[in-house]
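None of these values were measured; they are calculated from a predicted model. Every chain is numbered from 1 and lettered A, B, ... according to where its sequence line falls, protein lines coming before strand lines.
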Amino acid sequence: MLQLTTLRQNAEGVISALAKRQVDARPAIDALLALNEQRRQVQAETENLQSEANKLAKSIGQLFREGKAAEAEGMKAQSGAIKERLSELASELHALEGKEHDQLVALPNIPHVSVVAGKSAEDNEIVESWGQAPVLAEGHVPHWELTERYKLIDFERGVKITGAGFPVYTGKGARLQRALIQFFLDRNTEAGYLEVQPPYFINEASGFGTGQLPDKEGQMYHMTTDNLYAIPTAEVPVTNLLRDEIVAENDLPIKMTAYSPCFRREAGSYGKDVRGLNRLHQFDKVEIVCVEHPSKSYERLEEMVAHVASLLRDLGLHYRILRLCGGDMGFTSALTYDFEVWSAAQERWLEVSSVSNFETFQANRLMLRYRSQEDHKPHLAHTLNGSALALPRIVAALLENNQSPDGISIPEVLRPYTGFDRINE
RNA sequence: GGAGAAGUGGCAGAGUGGUCGAAUGCACUGGUCUUGAAAACCAGCGUACGGAAACGUACCAGGGGUUCGAAUCCCUUCUUCUCCGCCA
């Protein structure tokens with residue numbers, strides 16, 4: 001959520017920045033500012049009247065204490081009239097505030113200066129690439145054939161017990177999942193992230209805090225009986241840990257990491273995009289989250305990107321890093337780097353991580369602030385997060401890229417976790 | 001799930017209809033004192049919105065109500081605690 005003061009002070013700047021997202025925000029912002037003006041006017045009027053009513057009530061109390069009951073009774077009538085007008089104003093103000101909030105919440109985050117204008121994934125810039133595509137032996141196959149051949153994943157039974165997109169990992173497939181989770185958590189912890197195990201269901205307030213609600217409820221599984229949502233990413237519970245809190249400036253940065261299953265409804269896509277592990281309704285991910293001082297958040301973003309890159313290099317996966325263009329960037333982000341790994345048998349890039357700086361966009365919804373040592377006042381913190389890493393596509397790439405006619409080799413760094421160095425029959 | 005009790009500022013804890021945004025203690029910040037620190041003393045010390053400011057308004061778990069006036073009374077939701085039940 002953008003800050004109203006920003007809009008009031010620099011509407012033109014916001015409009016031109018949002019244009020990089022291919023959004024013409026002018027009508028929305030004009031309407032919002034007009035609404036804001038109206039709200040402030042009604043608020044001022046309401047508060048003046050409240051002030052009057054308060055003074056009157058005090059005088060009445062005074063009169064009663066002095067035993068001047070008759071005079072007091074007379075003033076009560078006056079107070080009644082004010083009260084009537086006040087309740088009209090109050091409901092008007094309430095409605096205006098609601099509208100203002102709804103419109104404000106509908107505006108996406110302002111892209112960072114380094115973000116280029118662009119429409120879609122085509123316009124993203126490749127900022128780094130590492131390794132090279134492995135040359136596979138004759139007879140290589142995509143990962144969904146490998147998982148079947150070596151009995152790593154039982155997609156069919158997943159369909160039986162739940163539905164499409166809910167795989168059942170078995171044997172070395174299950175062990176590989178556990179190994180990756182453990183490896184990522186260990187590496188993140190070594191890099192200074194505090195390990196956290198959050199709940200996997202969240203309430204509405206949490207969904208609002210990180211930007212999933214309102215508007216994106218269709219992407220989450222919703223348990224209507226208890227009005228809870230299954231988390232689409234650990235970002236939601238972990239970032240919300242600090243909702244409505246004012247942290248000490250000294251405590252920044254706050255770095256946390258969490259493993260969680262992620263649940264996404266992702267309705268409406270079929271074909272090769274969703275084949276095998278490419279896109280699932282339930283998948284595992286290890287997330288990193290940072291809360292940082294505004295002056296250091298971009299430094300921190302670079303650090304997070306470097307950290308994620310180091311994980312991929314350790315796994316020996318050919319990857320590239322993209323800086324997303326305005327049009328491809330998420331609603332809440334100011335700057336996003338996507339990581340893609342090369343899937344050698346599918347011969348395509350698969351997104352495995354997305355690392356973003358949200359600046360104050362989430363913090364403003366979360367009311368997540370730090371107390372400045374300079375002015376001793378609370379200021380909005382910056383929040384950042386990234387995947388480190390999402391498992392399914394990593395598994396897809398590992399299986400495909402490391403396959404040979406007699407099996408699949410496990411990267412060196414994972415062997416202490418898997419307890420085996422090859423997958424074969 | 002059943003019965004009961006309770007939710008006040010960072011923490012502890014007063015406050016049962018009027019001058020309470022809220023005593024007091026601790027913590028914290030600044031200062032005096034000190035070679036330095038501690039102690040002591042003095043001062044400050046919630047948040048949001050509106051306002052150039054003075055200041056105003058709101059907030060005592062959330063929402064609603066009674067009243068001229070609510071932290072205080074009523075309704076409701078949530079949470080916590082105790083006992084019982086169930087249970088990994």
Side-chain angles (χ1 to χ4, degrees), chain A residues 1-9 32-105 197 199-209 213 223-229 237 240-252 254 291 360 362-381:
Chain A
M1 177 164 76
L2 299 179
Q3 292 169 268
L4 271 168
T5 48
T6 312
L7 287 172
R8 282 172 63 188
Q9 284 163 7
L32 179 55
L33 288 177
L35 195 61
N36 176 255
E37 177 128 10
Q38 200 188 344
R39 187 213 95 208
R40 283 182 291 139
Q41 209 177 316
V42 174
Q43 180 172 336
E45 199 184 332
T46 306
E47 289 180 359
N48 286 338
L49 208 56
Q50 279 173 325
S51 176
E52 217 175 299
N54 287 343
K55 282 184 195 131
L56 209 53
K58 274 183 190 166
S59 326
I60 291 172
Q62 184 69 27
L63 288 172
F64 271 122
R65 251 171 289 123
E66 290 168 1
K68 300 174 182 167
E71 261 179 78
E73 287 303 327
M75 288 179 91
K76 278 194 189 182
Q78 204 182 334
S79 181
I82 291 180
K83 213 183 148 189
E84 212 167 291
R85 173 70 184 136
L86 204 49
S87 86
E88 279 171 30
L89 277 174
S91 62
E92 195 183 336
L93 181 61
H94 191 74
L96 286 170
E97 282 171 343
K99 253 189 178 174
E100 184 184 48
H101 181 258
D102 290 349
Q103 293 189 14
L104 184 61
V105 150
Q197 269 198 34
Y200 300 152
F201 298 161
I202 47 127
N203 57 28
E204 265 183 75
S206 297
F208 175 78
L213 296 175
M223 279 143 284
T224 52
T225 310
D226 297 295
N227 197 25
L228 298 173
Y229 296 85
N240 271 281
L241 286 172
L242 294 166
R243 167 155 50 87
D244 294 321
E245 296 198 16
I246 301 172
V247 302
E249 188 172 344
N250 280 340
D251 292 341
L252 302 176
I254 297 168
V291 178
T360 58
Q362 289 182 329
N364 195 28
R365 290 169 159 240
L366 294 158
M367 285 306 274
L368 195 182
R369 292 161 298 166
Y370 67 94
R371 192 172 295 280
S372 158
Q373 286 181 318
E374 260 174 54
D375 63 9
H376 301 286
K377 292 203 175 104
H379 298 280
L380 292 174

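- B:G15 and B:U24 are spaced 11 Å apart, taking the C1' atom of each and rounding to whole Å.
- Across every strand in view, B:U57 sits in a pair with B:A48 that passes the Watson-Crick or G-U test at under 3.5 angstrom.
- Residue-level contact check: A:N48 touches neither bases nor backbone, having no heavy atom under 4.0 Å from any strand.
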Give each protein N/O atom lying under 3.5 Å from an N/O atom of nucleotides 62-64 of chain B, with the pair distance.
none

Could you run down the sub-3.5 Å N/O contacts of the protein with nucleotides 68-76 of chain B?
unit_1	atom_1	unit_2	atom_2	d
B:C68	O2'	A:S79	OG	2.7

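- Listed by chain and number, the residues in a side chain to side chain contact (heavy atoms under 4.5 Å, CB included) with A:S372 are A:E249, A:Y370, A:E374, A:D375, A:H379 (sequence neighbours excluded).
- Annotation: side chain to side chain contact (heavy atoms under 4.5 Å, CB included) contacts of A:E73 (sequence neighbours excluded): A:F64, A:K76.
- Looking only at side-chain heavy atoms (C-beta outward), A:N203 and A:L228 come within less than 4.5 Å of each other.
- B:A27 and B:C45: their C1' atoms are spaced 11 Å apart (whole Å).
- Under the side-chain hydrogen bond (donor to acceptor under 3.5 Å, both in side chains) criterion, A:R365 pairs with no residue at all, not counting sequence neighbours.
- The same atom, P, is picked in B:C49 and in B:U34; the two are 45 Å apart, to the nearest Å.
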Pairs under 3.5 Å (N/O, protein and nucleotides 44-49 of chain B):
unit_1	atom_1	unit_2	atom_2	d
B:U47	OP1	A:R371	NH1	2.9
B:U47	OP1	A:R371	NH2	3.2
B:U47	O3'	A:R369	NH1	2.9
B:A48	OP1	A:R369	NH1	2.7
B:C49	O3'	A:R39	NH2	3.1
B:C49	O2'	A:R39	NH2	3.2
B:C49	O2'	A:Q43	OE1	2.9
B:C49	O2'	A:Q43	NE2	2.6

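- Contact between the side-chain N/O atoms of A:S51 and the OP1/OP2 oxygens of B:G56 is not found at any separation under 4.0 Å.
- Here, B:G2 and B:A61 have their C1' atoms 24 Å apart, quoted to the whole Å.
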